[in-house]
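Each remark here refers to the structure printed beneath this line.
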Protein chains: 2
Amino acid sequence: MAKAKRTLKWQRDPEGMRLRILEAAKQEFSAHGLAGARVDRIAAKAGANKRMLYYHVGNKDELYLAVLEGAYDKIRSEERGLDLEHLDPPEAIRRLIEFTWNYFLRNPEFLSLLQTENLARAKHLKKSTKVKSMHSPFVEMIRTVVRRGVDSGDFQVAVDPVQLYISIAALSFFYLSNSATLSVIFGRDLLDNKAKDERLAHMIGLVLAALTGQSAALFEVAKAPKSRAAAVQTV
Amino acid sequence: MAKAKRTLKWQRDPEGMRLRILEAAKQEFSAHGLAGARVDRIAAKAGANKRMLYYHVGNKDELYLAVLEGAYDKIRSEERGLDLEHLDPPEAIRRLIEFTWNYFLRNPEFLSLLQTENLARAKHLKKSTKVKSMHSPFVEMIRTVVRRGVDSGDFQVAVDPVQLYISIAALSFFYLSNSATLSVIFGRDLLDNKAKDERLAHMIGLVLAALTGQSAALFEVAKAPKSRAAAVQTV
DNA sequence: ACAGTATTTATCCAACGGGTTAATTTCTCC
DNA sequence: GGAGAAATTAACCCGTTGGATAAATACTGT
């Protein structure tokens with residue numbers, strides 16, 4: 001009784017509320033896409049009233065854009081924390097692939113949001129000056145790493161850093177974002193631990209083999225006796 | 001007058017109608033996703049009445065599944081038409097990459113549909129026994145090509161064919177399906193002809209370099225004089 | 001303590017959207 | 001040539017949904 005009095009009817013918490021709204025919106029948009037997302041569900045998940053969304057962020061589209069900007073902001077921030085410049089080039093590339101893979105694994109909503117935004121042909125992203133100014137540090141990182149690798153003789157090729165960046169992202173992104181349909185097609189779970197480990201090893205092997213020309217050392221199997229090669233490959 | 005009499009009010013054409021409905025539905029679902037698609041728009045695009053959709057195909061979900069099944073059917077059919085078994089292994093892989101790239105370019109709705117279905121975690125695909133039974137011939141193709149390549153000494157590695165298949169698809173798929181956001185992020189059009197040519201060359205170079213270990217021959221730039229290497233790379 | 005403002009709640013509503021019902025027209029086969 | 005089935009049209013139904021309005025409640029500074 002006395003307690004009920006202390007917690008009157010509600011407390012003010014604008015910042016907390018805004019964060020809860022954005023978090024709820026992120027979940028809702030990534031789970032259902034833009035058209036499939038329900039404003040009422042976002043409000044409910046945020047423990048709020050629907051009116052609050054409009055008060056603190058804006059209408060559905062503005063809400064969506066805020067979520068998208070937040071997602072880019074987050075990955076850019078983590079990317080900046082990765083220091084690859086001083087590693088030897090093959091190790092730097094390996095770390096880059098591992099980071100990308102793990103980031104996507106840890107943030108599946110990011111993948112969904114990008115898929116959704118691309119379905120919309122980046123209509124919203126184009127309007128966001130904020131995101132346009134958030135350049136990934138990876139392109140320059142890759143450029144210098146590749147240059148160093150070529151100079152040191154580790155790498156055989158001076159590959160376009162943008163292409164390489166896209167390729168590294170692609171190898172992880174597609175596997176994870178399309179794992180649902182791929183798992184059905186192949187009739188096996190691509191997301192169990194064994195499959196994930198194999199995928200990471202494959203991606204690292206593929207990219208490093210291409211750059212260094214040392215296929216043998218990077219994929220498990222080399223030009224070993226054929227019988228053994230056949231045995232080791234995982235299928 | 002006499003003519004107007006001949007074309008009374010409408011003609012019967014169940015097969016044609018069904019096809020027009022499915023084509024319209026494909027466009028609508030790929031342009032707007034499942035939740036964003038509008039049944040009325042599909043009807044209008046098909047030059048039909050909304051009731052016709054339900055009469056000839058079913059409700060929205062069934063319509064969507066029919067479209068999805070049609071999309072898989074089409075790509076599997078074209079895949080079967082590709083005969084790579086008798087080519088020498090590097091050439092076979094090159095053709096495989098080119099086919100994948102061009103198929104995705106020619107059928108952007110296929111990409112969108114897959115994105116949409118993955119956003120839905122393959123909920124509909126799982127219910128389709130039809131699609132589950134449509135195995136891609138590429139996995140076995142790749143398996144034998146890789147085996148031949150290893151035996152002949154063209155390839156240094158016996159890579160898992162499923163992994164390679166996914167990787168080849170990934171390199172094209174991600175680039176194209178995410179070209180809208182990537183173009184904004186990089187501030188350049190990834191779909192103009194020059195960019196597309198470069199992308200195809202990059203993908204072929206990457207995969208073949210990894211398999212053969214001959215990076216130099218495959219990417220444009222080798223361990224040439226550094227100044228030249230820097231000049232040639234595109235960025 | 002109280003006036004003014006920021007924050008939150010409780011309703012409401014008009015448009016939309018998927019789906020249905022019932023009537024109408026064309027075709028086919030006897 | 002007409003009866004019955006197949007195909008198509010037109011109109012309607014009703015729950016949902018994004019968004020708006022207005023009133024209530026909790027802070028803040030003075």
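Proteins get letters first, then strands, A, B, ... in listed order; numbering begins at 1 in each. Heavy atoms only: backbone and side chains are in, while hydrogens, waters and symmetry mates are out.
- Side-chain contact between A/L65 and A/D61 is absent, with no heavy atoms from C-beta onward closer than 4.5 Å.
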Could you list, one pair per line, each protein nitrogen or oxygen that sits under 3.5 Å from a nitrogen or oxygen of nucleotides 1-5 of chain D, together with the distance?
none

Listing time: all N or O pairs from protein to nucleotides 11-16 of chain C that are below 3.5 Å?
none

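- One interatomic measurement links the two molecules: CD of A/E15 to P of D/dC27, which rounds to 13 Å at whole-angstrom precision.
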Before giving the answer on side-chain contact (heavy atoms from CB on, under 4.5 Å), spell out for B/M203 and B/V207 the whole-Å C-alpha distance, their side-chain angles and the decisive distance to 0.1 Å. CA-CA 6 Å; B/M203 294 187 297; B/V207 174; 5.6 Å; no
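- Under the 4.5 Å side-chain criterion, counting only non-hydrogen atoms from C-beta, B/H32 is not in contact with B/S112.
- A/A37 comes within 4.0 angstrom of the backbone, heavy atoms only, and of no base.
- Atom CE in A/M52 sits about 12 Å away from atom C1' in C/dA10, given to the nearest Å.
- When the options B/I166, B/V162, B/D160, B/V159 are evaluated for a side-chain contact (heavy atoms from CB on, under 4.5 Å) with A/H202, the one that passes is B/V159.
- Of the N and O atoms on the side chains of B/S179 and A/R121, not one donor lies less than 3.5 Å from an acceptor on the other residue.
- Looking at residues two or more places apart in sequence or on another chain, you find a ring pair (Phe, Tyr, Trp, His ring centres under 6.0 Å) between A/F173 and A/F104, B/F174.
- At whole-Å resolution of the value, NE2 in A/H32 and C1' in D/dT16 are 15 Å apart.
- Counting non-hydrogen atoms of neighbouring residues, nucleotides and ligands closer than 6.0 angstrom, the NZ atom of B/K123 reaches no more than 12 such neighbours.
- The list of ring-ring contact (aromatic ring centres under 6.0 Å, His included) pairs with a residue in residues 41-61 of chain B, not counting sequence neighbours, is empty.
- A side chain to side chain donor-acceptor pair (under 3.5 Å) with B/K45 is found for exactly one of B/E28, B/Q27, B/E23, namely B/E28.
- Nucleotide C/dG17 holds its P atom 14 Å from the CZ atom of B/F29, rounded to whole Å.
- The CD1-P distance, from B/I42 to C/dG19, rounds to 10 Å in whole Å.
- A/E117 and B/T181 are not linked by any side-chain donor-acceptor pair at a separation below 3.5 angstrom, with hydrogens and angles left out of the test.
- With respect to the salt-bridge test (charged N to carboxylate O, under 4.0 angstrom), the residues B/E15 and B/R18 do not qualify.
- B/P137 approaches B/R76 most closely through the heavy-atom pair CD-CD, 4.5 Å.
- A heavy atom closer than 4.0 Å to some atom of DNA chain D occurs in A/Y54, A/N59, A/K60, these being the qualifying members of residues 53-63 of chain A.
- Contact check of residues 17-27 of chain B against DNA chain D (heavy atom, cut-off under 4.0 Å) returns B/M17.
- We find that A/K74 and A/E109 are not joined by a salt bridge, their nearest charged nitrogen and carboxylate oxygen being 4.0 Å or further apart.
- Of the two residues contacting DNA chain D, namely A/R51 and A/V39, the nearest-nucleotide position lying further toward the 5' end is that of A/V39.
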